Amino acid sequence: MASVLERVIYLDSRDADTYLATKIYTDNTGTSATKILHSYCAFNLIETIAVPENMDIEVSLNSATIPYSFYNIRVGVNDRINYAVFEKSGTNYINGGTASFNVPEGNYSALSLAVYLSTALDNKTGTENPLASNNYNFDYTQNWNGDLGKFEFGILATGASAGKNLQFRFIIDENLPDTMITELGLDPIDEFFAFEGLVANDVAHQSPNYVDVNGNLHGLFVRTNLTSSNTMESQSKTFSNILSRIPITSGPGEVIFKEPANSGHKSVVQTKAISEVVIKLTDDRNNLLDLNGLHFQ
């Protein structure tokens, strides 16, 4: 009977030799700075793990402790809202203008996102208004219907524009990867989602789909340089460097655990000498996570 040789490697991102990604961020004073992302790092092993020529080695993730310190709305991932506003004249829509708006990153619930956008997109004027050349003012309303799991939208012309029938359109473009789509309950196959109104508080216009503010954060993926031929993912349709997927069952501010009782599948390591281990933590769509200064083990 062949003997089995096991090795356990404990990795703490505080001990990484190299951090492989940085991020530009802007604080609440408007100052920009660069910060290191601890979720993508490399460890150089002083003692190389050598694999005999007549043997293969398998690797699996035994356990993990990862802080839920990343956000569900993230810069460059799902923070952009592209929209347009038109004036309805008879059966025609005229004087339209387009604009984009970036939601500050953070952990939003469906309710808090609705409250924020109702204020942030409300009554835009000047350079922020896509109809600035016509000086149109409008009140934008977004409510959360928890019974249906959908947003309800409304728009009303105000001020000197009162009485006009304005139409608001969410522009849906999957070619812009940071566009907020599922987080608003929109259908990605549509070109746009539109609503209009002449009556105050008219929010009968519901999002077509169930709202999912967590977007791409249903599972956390641990990726490594040690494996590349045992796990295939549907996004790339090829073999990938995924070592394990950890379901996210904790809430923001808590800790995500992977217990040793379920080590998951094992992957064959291609190299015969392991001297470096690279770990990368991503979301469902291979976007690197920002642990906001915290570390994982």
Side-chain angles (χ1 to χ4, degrees), residues 20-26 32 37 39-40 70-86 93-108 110 113-114 116-117 120-121 124 127-133 140 142 149-151 153 155 166-196 205-221 223 231-242 245 248 280-290:
L20 302 173
T22 59
K23 176 181 177 180
I24 304 295
Y25 76 100
T26 304
S32 295
L37 298 184
S39 54
Y40 191 13
F70 43 86
Y71 300 134
N72 61 353
I73 303 300
R74 291 164 287 164
V75 171
V77 176
N78 59 347
D79 66 323
R80 179 190 298 271
I81 295 176
N82 302 299
Y83 65 98
V85 179
F86 290 80
Y93 294 95
I94 62 174
N95 299 328
T98 61
S100 63
F101 177 80
N102 293 94
V103 178
E105 64 179 4
N107 276 316
Y108 293 82
L113 181 60
Y116 174 77
L117 290 178
L121 291 176
K124 291 297 185 186
T127 58
E128 295 180 309
N129 187 347
L131 297 180
S133 60
Y140 170 91
Q142 183 172 329
K150 295 185 175 185
F151 284 133
F153 304 100
I155 184 173
L166 301 181
Q167 183 190 73
F168 189 102
R169 297 181 183 179
F170 287 111
I171 307 300
I172 303 170
D173 187 350
E174 285 196 299
N175 294 321
L176 297 174
D178 58 347
T179 301
M180 187 180 292
I181 299 177
T182 59
E183 296 81 0
L184 291 172
L186 306 180
D187 195 331
I189 67 173
D190 291 336
E191 180 181 353
F192 62 85
F193 172 74
F195 53 89
E196 57 193 59
H205 315 284
Q206 295 177 351
S207 58
N209 290 342
Y210 203 96
V211 169
D212 182 7
V213 291
N214 289 320
N216 300 320
L217 281 174
H218 301 115
L220 187 155
F221 286 80
R223 299 171 183 265
T231 305
M232 183 174 287
E233 57 180 321
S234 60
Q235 183 181 12
S236 64
K237 307 296 191 299
T238 62
F239 289 105
S240 72
N241 59 355
I242 295 174
R245 178 187 183 274
I248 298 178
K280 183 179 183 181
L281 305 180
T282 70
D283 65 7
D284 298 352
R285 309 306 289 174
N286 199 18
N287 296 300
L288 184 64
L289 296 179
D290 178 2

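Model, not experiment: these values are computed from the prediction.
- Between Leu20 atom CG and Lys280 atom NZ the span is 9.5 Å, to the nearest 0.5 Å.
- Side-chain contact between Thr179 and Pro188 is absent, with no heavy-atom pair separated by less than 4.5 Å.
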Please evaluate residues Tyr25 and Asp290 with respect to the criterion side-chain contact (heavy atoms from CB on, under 4.5 Å), reporting the C-alpha separation (whole Å), side-chain torsions for both, the decisive distance (0.1 Å), and the verdict. CA-CA 11 Å; Tyr25 76 100; Asp290 178 2; over 6 Å; no

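- Residues Val85 and Ile155 approach most closely at CG1-CD1, 4.4 Å, considering heavy atoms.
- Residue Phe170 holds its CZ atom at 4.5 Å from CZ of Phe153, rounded to the nearest 0.5 Å.
- The main-chain N or O of Thr182 is never found under 3.5 Å from a side-chain atom of Asp212 such that the two would form a donor-acceptor pair.
- For the atom pair Tyr93 OH and Asn95 CG, the distance stands at 14.0 Å (nearest 0.5 Å).
- Leu220 places a side-chain heavy atom less than 4.5 Å from the side chain of Leu281.
- Between Phe101 and Leu117 the shortest side-chain heavy-atom distance falls below 4.5 Å.
- Stacking of Arg223 on the aromatic ring of Phe221 is recorded, both the 6.0 Å distance cut-off and the 45° axial limit being met.
- What you find for Tyr116 and Val103 is that their closest heavy atoms are CE2-CG1, 4.1 Å.
- A donor-acceptor contact shorter than 3.5 Å is absent between the side chain of His205 and the backbone of Ala194.
- Contact annotation: the side chain of Leu184 approaches that of Ile81 to within less than 4.5 Å [non-hydrogen atoms, C-beta and beyond].
- The minimum heavy-atom distance between Ser100 and Arg80, with the atom names listed, is OG-NH1, 3.6 Å.
- Here the options are Asn216, Asp283, Asp79, Asp178, the test is side-chain hydrogen bond (donor to acceptor under 3.5 Å, both in side chains), and the partner is Arg74; only Asp283 passes.
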Mind running side-chain contact (heavy atoms from CB on, under 4.5 Å) on Thr98 and Arg169 for me, showing each step along the way? CA-CA 9 Å; Thr98 61; Arg169 297 181 183 179; over 6 Å; no

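- When every heavy atom of Gly215 is checked against every heavy atom of Glu183, the shortest pair comes out as CA-OE2, 3.5 Å.
- How far CG of Leu166 is from CZ of Phe195: 11.0 Å, rounded to the nearest 0.5 Å.
- For the atom pair CZ of Phe151 and CG of Leu186, the computed distance is 9.5 Å after rounding to the nearest 0.5 Å.
- Smallest separation of non-hydrogen atoms from Val211 and Ala110: CG1-CB, 4.4 Å.
- Checked against the 6.0 Å centroid criterion, the rings of Tyr140 and Phe168 qualify as a close aromatic pair.
- Distance check: Ile181 CD1 to Asn78 CG gives 10.0 Å after rounding to the nearest 0.5 Å.
- What you find for Asn72 and Gly106 is that their closest heavy atoms are OD1-O, 2.7 Å.
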